[in-house]
Protein chains: 2
Amino acid sequence: MQQKLREHIEKIVPLTDDEFAFVRSHFTIKSYKKREFLIQEGKSVKYAYFVVSGLLMLVYNNESGKQHIVSFAMEDWWESDFLAYHTQTKATMSLQCLEDTDVFCLSLEDYQKLCAGLQKMEHFFLRKANAGHIGSQQRILSFLTSNAKERYEQLLKRYPSLFQRVPKSLLASYLGVSRETLSRLAR
Amino acid sequence: MQQKLREHIEKIVPLTDDEFAFVRSHFTIKSYKKREFLIQEGKSVKYAYFVVSGLLMLVYNNESGKQHIVSFAMEDWWESDFLAYHTQTKATMSLQCLEDTDVFCLSLEDYQKLCAGLQKMEHFFLRKANAGHIGSQQRILSFLTSNAKERYEQLLKRYPSLFQRVPKSLLASYLGVSRETLSRLAR
DNA sequence: TCCCCTGCGTGACAAACATCACAATTTAAA
DNA sequence: TTTAAATTGTGATGTTTGTCACGCAGGGGA
């Protein structure tokens, strides 16, 4: 499990054993069962999470109780309600397990200590944040340029494994269409 | 003009005069006229830009020539085709002036030198990247949760000045609706 | 001055999509 | 095993939005 984290970081910045020991000391490990919540709307957000195995969804529930999936987080992804995390405010979104999931947890304080104590890690997180920003912008672009069917096909192409792992109704909620429409598209 | 850049950075990390001189030495200044391009689709992306004054739009043109606005960049914003910039590939988007605009330009090489030479600046860019990521995620959320009219009202509320500064057809293109639909909504 | 281009509004119609209702099937829990 | 809940497909219908067409007003350049 440690190894997973180390390999992930070392794709961007190589670490000595001592450095990794330092990094490692800032994280805690937790395991969650399917349907459990890592973050609940309205509560404070203690951690950012690195997914070792399993699958999470980041969900926003609007006033009328409709759920909108902002993101799926699979193996090797970082996830949190980052707005609430960084500003230390209450979560507006929830982070929930779609499968049994193992994560590394990083508190904001440890995140800051880690960045301050090891420039490599600040660099690592900068790269991750840039990638996250770019990824979100691509998703915006797909909303601007593509209709439901095209967005569905893009998702299918990019994350084929999702179609085995999550119900179609959740994919619809990620794509921004009703489950009925998605069902009719997938033909 | 220098002062603008310094104040912007110092909102996040305080700098000594020497440090700012070091920072400053990595940037060049350019001025563009309305309708000029800072980045053109298909060409390489030399710089990330910090907007001192004026207004830019980041645009994606699809195969059929329809234009989609990914982002407006006003005073104090950083903008580029960040995917092409960071990966040193050809631009898939264009960055164009909507008003006469003054910018600081930062090449990727200078960006890397700046981050490596002054941890404060790596920290600064990390904060900016996180903010950018969070901002994009909010925009995704507005696509998921809101119809055209609601997105229009959110934009109106958040960036009221845009309505004086850019034609409605471009706002439509940012919101992901046709200019006709926007025209009918705004009543 | 005249003219052309841009921006904006609006009517008519078509396409995309949401919603409601119901049924069939699969999955999970008791 | 039995029962309840979750998942999926599909028809009918209404709403939202896009597309095409047209007219009008204002501003800048020849």
Side-chain angles (χ1 to χ4, degrees), chain A residues 32-37 54-55 57 59-69 72 96-101 140-156 160-187, chain B residues 33-37 55 57 59-69 72 96-100 140-156 161-187:
Chain A
Y32 294 88
K33 291 280 172 198
K34 186 169 175 171
R35 269 179 272 274
E36 278 192 284
F37 286 89
L55 183 61
M57 62 175 179
V59 177
Y60 176 82
N61 294 288
N62 71 1
E63 325 74 44
S64 51
K66 219 165 163 185
Q67 92 177 354
H68 302 275
I69 299 186
F72 294 106
Q96 190 177 11
C97 288
L98 295 173
E99 301 173 354
D100 296 356
T101 300
I140 289 169
L141 209 46
S142 90
F143 277 109
L144 288 175
T145 63
S146 309
N147 61 25
K149 178 157 199 179
E150 290 162 341
R151 293 204 302 279
Y152 171 79
E153 282 157 3
Q154 289 161 17
L155 181 65
L156 188 60
S161 74
L162 277 183
F163 291 74
Q164 274 72 54
R165 297 170 78 178
V166 313
K168 305 264 164 95
S169 58
L170 294 184
L171 297 182
S173 162
Y174 175 88
L175 292 170
V177 296
S178 67
R179 58 161 206 87
E180 293 93 335
T181 295
L182 182 64
S183 167
R184 286 184 254 259
L185 287 179
R187 284 184 295 181
Chain B
K33 292 280 172 198
K34 186 169 176 171
R35 269 179 273 273
E36 279 191 286
F37 285 88
L55 183 61
M57 61 175 180
V59 177
Y60 176 82
N61 294 289
N62 71 0
E63 325 74 43
S64 51
K66 220 165 163 184
Q67 94 177 349
H68 302 275
I69 299 187
F72 293 107
Q96 188 177 13
C97 288
L98 295 173
E99 301 172 356
D100 294 356
I140 288 168
L141 210 46
S142 90
F143 276 109
L144 289 175
T145 63
S146 309
N147 61 24
K149 178 157 199 176
E150 291 162 341
R151 292 204 303 280
Y152 171 79
E153 282 157 4
Q154 289 161 17
L155 182 63
L156 188 60
S161 73
L162 276 184
F163 291 74
Q164 275 71 55
R165 296 170 78 178
V166 312
K168 306 263 165 96
S169 59
L170 294 184
L171 297 182
S173 163
Y174 176 87
L175 291 170
V177 296
S178 67
R179 57 162 207 87
E180 293 93 335
T181 296
L182 181 64
S183 168
R184 289 184 250 260
L185 287 178
R187 283 184 297 181

So how far is it from B/Glu153 CD to B/Asn147 CG, rounded to the nearest 0.5 Å? 8.5 Å
Rounded to the nearest 0.5 Å, what separates atom CG in A/Leu171 from atom OH in A/Tyr152? 7.5 Å
Covered region of DNA chain D, 5' end to 3' end, by chain A [heavy atoms, under 4.0 Å]: D/dT7 to D/dA12
Keeping the roles fixed (side chain from B/Gln96, backbone from B/Met57), state whether a donor-acceptor pair exists under 3.5 Å. no
Quick check against the 3.5 Å criterion: does A/Ser173 have a side-chain atom that pairs as donor or acceptor with the backbone of A/Ile69? yes
NE2 of A/His68 to CD1 of B/Ile140: how many Å apart, nearest 0.5 Å? 14.0 Å
Can you tell me how far CG of B/Leu55 sits from CG of B/Leu162, rounded to the nearest 0.5 angstrom? 6.5 Å
For B/Asp100, is there an ion pair with B/Lys33 - N to carboxylate O distance below 4.0 angstrom? yes
Enumerate donor-acceptor pairs with a distance under 3.5 Å from any side-chain N or O in residues 178-185 of chain A to protein atoms, sequence neighbours excluded.
unit_1   : atom_1 : unit_2   : atom_2 : d
A/Ser178 : OG     : A/Thr181 : N      : 3.2
A/Ser178 : OG     : A/Thr181 : OG1    : 3.0

Could you list by number each residue of residues 165-173 of chain B showing a heavy-atom separation from DNA chain C of less than 4.0 Å, or answer none if no residue does? B/Pro167, B/Lys168, B/Ser169
Angle between terminal axes - the helix from C/dT1-D/dA30 to C/dA30-D/dT1, 5 pairs each end, rounded to 10°: 40°
Contacting residues from residues 175-185 of chain A, given that a heavy atom lies under 4.0 angstrom of DNA chain D: A/Arg179, A/Glu180, A/Ser183, A/Arg184
Please report the closest heavy-atom contact between A/Arg151 and A/Gly176, naming both atoms and the distance. NH2-O, 4.1 Å
Whole angstrom value for the distance that separates P of C/dT6 from CD of B/Gln67: 12 Å
How close or far is atom C1' of C/dC17 from atom CD of A/Glu150, stated in whole angstroms? 14 Å
If you measure from CG on A/Leu175 to CD on A/Glu150, what distance do you get to the nearest 0.5 Å? 12.0 Å
Base, sugar-phosphate, or nothing for B/Lys149, non-hydrogen atoms under 4.0 angstrom? nothing
About how many Å separate CD of B/Glu63 and OG1 of A/Thr145, when rounded to the nearest 0.5 Å? 7.5 Å
Looking at A/Arg165 and A/Gly54, would you say the former's side chain and the latter's main chain have a donor-acceptor pair under 3.5 Å? yes
Not counting sequence neighbours, which residues clear ring pair (Phe, Tyr, Trp, His ring centres under 6.0 Å) with A/Tyr60? List them please. none
